[in-house]
Amino acid sequence: MAEKVLSPITANVWKVLVKEGDRVSEGTTIVILESMKMEIPVDSPVNGVVKKLYVSEGGSVGEGEPIADIE
Amino acid sequence: MGTRSFLRYNENISKFLGILRSSSDIVSGETVAKELGITRSQVFKIVRKLQELGYRFERKRGYKLLFTPDIPFPWEIGQNIVFFNSIHSTQDEAKKLFEASKIKEDYWVLARTQTKGRGRMGRIWESPEGNFYGSVVLKAETPMRDIVKISLIGGISVFRTIKKHYEIDQEIKIKWPNDVWIILGDGKARKISGCIAEAFGEMEIAKYIILGIGVNVKVSPIDGVSICLKDITKKEVSLIDFVRKLKNELGTVWKEFSDGKWNQLKSEIENNMWRGRVKIKYDSREFEGISSGIAEDGSLLVQKDDATFESVYYGDVLIKVIS
């Protein structure tokens with residue numbers, strides 16, 4: 001069962017720090033978002049593999065939209 | 001001081017300077033030692049340390065303070081201060097020190113200069129000696145949705161500090177979200193301050209925020225772009241004094257925010273923000289409009305040419321020069 005990582009805010013995707021297929025641990029930072037000059041790292045909530053990335057650097061993401069699936 | 005070593009608040013140094021400053025005369029080593037409850041040789045060590053840092057004393061059968069360098073050492077500002085002579089970035093260091101439990105919430109990391117000072121999205125923040133560079137750790141168990149509002153707090157704090165405590169002829173404006181600009185007589189804008197904020201926590205709740213502020217106090221680093229407090233007051237300004245005032249103002253603004261006074265703060269920004277024609281650039285998209293207010297969630301409201309409004313959360317807000 002994949003864990004969906006959702007964006008907490010409307011933001012610009014400043015940095016994507018993982019690729020699909022990467023193994024991540026709980027707490028590994030997946031992306032860094034930027035909104036209103038606030039930089040917000042989004043961490044993986046679980047141990048697993050990045051199954052799918054929905055965002056790319058320089059793109060945007062809305063509140064509640066998916067960032068990645070971790071399985 | 002090495003690059004990575006820092007100074008903390010020291011009660012004895014603070015008291016020692018207090019005693020000397022409250023006396024117009026020479027104070028004997030014995031009096032100081034007695035008041036501090038330390039030996040005379042420990043007093044001498046304090047004096048030597050302060051001399052190394054640039055303080056000057058008259059030393060004849062005691063001590064008299066002749067000169068205080070205008071550097072925000074912790075004992076000049078307050079207890080929750082950590083000071084670096086030179087550092088990559090106060091922002092990165094605050095995070096490291098906080099995560100290593102070397103500093104707590106409400107602590108400020110200050111630096112005399114930064115070698116890799118950063119602005120938003122990894123941009124460089126020019127950091128010559130004489131200006132303010134500091135990052136404060138704020139505890140914030142707040143939903144991420146509200147946390148972006150905290151980004152605006154630095155701007156209001158700098159705005160209030162300058163507006164309340166310094167006499168200036170020029171207009172001072174907050175440029176959304178948190179820069180502070182001085183508007184010159186010919187309408188040109190010059191940047192005096194900028195902020196950067198980082199939120200750390202779990203998915204939906206931020207645990208803590210590191211808010212970094214840079215203010216051009218005595219030096220304007222980039223001709224035609226920046227301006228400094230000294231230039232607009234046309235007087236000597238004390239960096240120590242500025243840091244004390246800014247720290248107090250930020251404490252007040254933070255308390256207001258924590259007490260749920262967001263609406264008042266929002267109005268304050270709206271009443272003092274730079275409004276005008278802007279060009280918004282993000283996601284390889286560009287549009288123009290008039291920056292006209294702040295939305296409830298803290299985003300910038302831009303009125304487009306077709307009279308509709310769009311909320312801006314990120315990206316570059318460029319002032320459109322109409323010639």
Side-chain angles (χ1 to χ4, degrees), chain A residues 1-20 22-71, chain B residues 91-92 95 99 118-123 138 140 142-155 175-179 194-207 209-213 269 281-285 294-295 297-300 310-317:
Chain A
M1 186 48 198
E3 183 88 19
K4 234 179 191 54
V5 181
L6 305 177
S7 177
I9 47 160
T10 302
N12 168 44
V13 180
W14 179 35
K15 278 186 178 164
V16 177
L17 303 171
V18 296
K19 303 185 300 292
E20 285 179 2
D22 280 2
R23 183 160 285 282
V24 291
S25 321
E26 187 185 335
T28 303
T29 302
I30 305 171
V31 297
I32 303 177
L33 304 177
E34 189 255 348
S35 186
M36 292 195 242
K37 273 202 193 175
M38 177 76 82
E39 291 172 14
I40 300 158
V42 176
D43 298 344
S44 173
V46 291
N47 295 327
V49 172
V50 181
K51 192 85 181 161
K52 185 166 173 57
L53 268 174
Y54 295 91
V55 296
S56 56
E57 273 182 21
S60 59
V61 62
E63 184 182 333
E65 288 178 6
I67 289 172
D69 290 340
I70 313 287
E71 198 170 84
Chain B
Q91 195 71 5
D92 295 343
K95 178 170 187 271
E99 293 201 331
R118 43 190 192 96
R120 191 173 62 98
M121 294 175 79
R123 288 169 194 161
L138 299 168
T142 315
M144 281 291 185
R145 193 183 302 116
D146 293 330
I147 222 79
V148 282
K149 295 173 185 169
I150 294 175
S151 182
L152 286 81
I153 276 168
K175 188 212 169 205
W176 183 92
N178 53 20
D179 283 354
C195 301
I196 179 173
E198 289 169 275
F200 301 92
E202 282 151 25
M203 262 313 286
E204 271 145 29
I205 302 282
K207 295 265 185 243
I209 306 283
I210 298 181
L211 176 63
I213 303 177
I269 300 172
K281 276 173 97 168
Y282 67 91
D283 300 356
S284 63
R285 189 164 95 81
I294 305 283
D297 63 3
S299 58
L300 176 69
E310 181 157 342
S311 270
V312 176
Y313 291 89
Y314 55 86
D316 284 325
V317 179

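Order of the sequence lines fixes the chain letters, A, B, ..., with proteins taken first and strands second; residue numbering starts at 1 for each chain.
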Asp22(A) side chain vs Lys19(A) backbone, donor-acceptor pair below 3.5 Å: yes

Intermediate values then yes/no, side chain to side chain contact (heavy atoms under 4.5 Å, CB included), Val24(A) and Val49(A): CA-CA 6 Å; Val24(A) 291; Val49(A) 172; over 6 Å; no

Segment of Asp179(B) engaging chain A (4.5 angstrom heavy-atom cut-off): both

Heavy-atom proximity to chain A below 4.5 Å, by part of Leu300(B): neither

Lys95(B)/Glu39(A) salt bridge by N-O under 4.0 Å criterion: no

Check: Gln91(B) side chain, Ile210(B) main-chain N or O, donor-acceptor pair, under 3.5 Å: yes

Side chain / backbone / both / neither for Ile40(A) at chain B, heavy atoms under 4.5 Å: both

Engaged part of Leu152(B) at the chain A interface, taking heavy atoms whose separation is under 4.5 Å: side chain

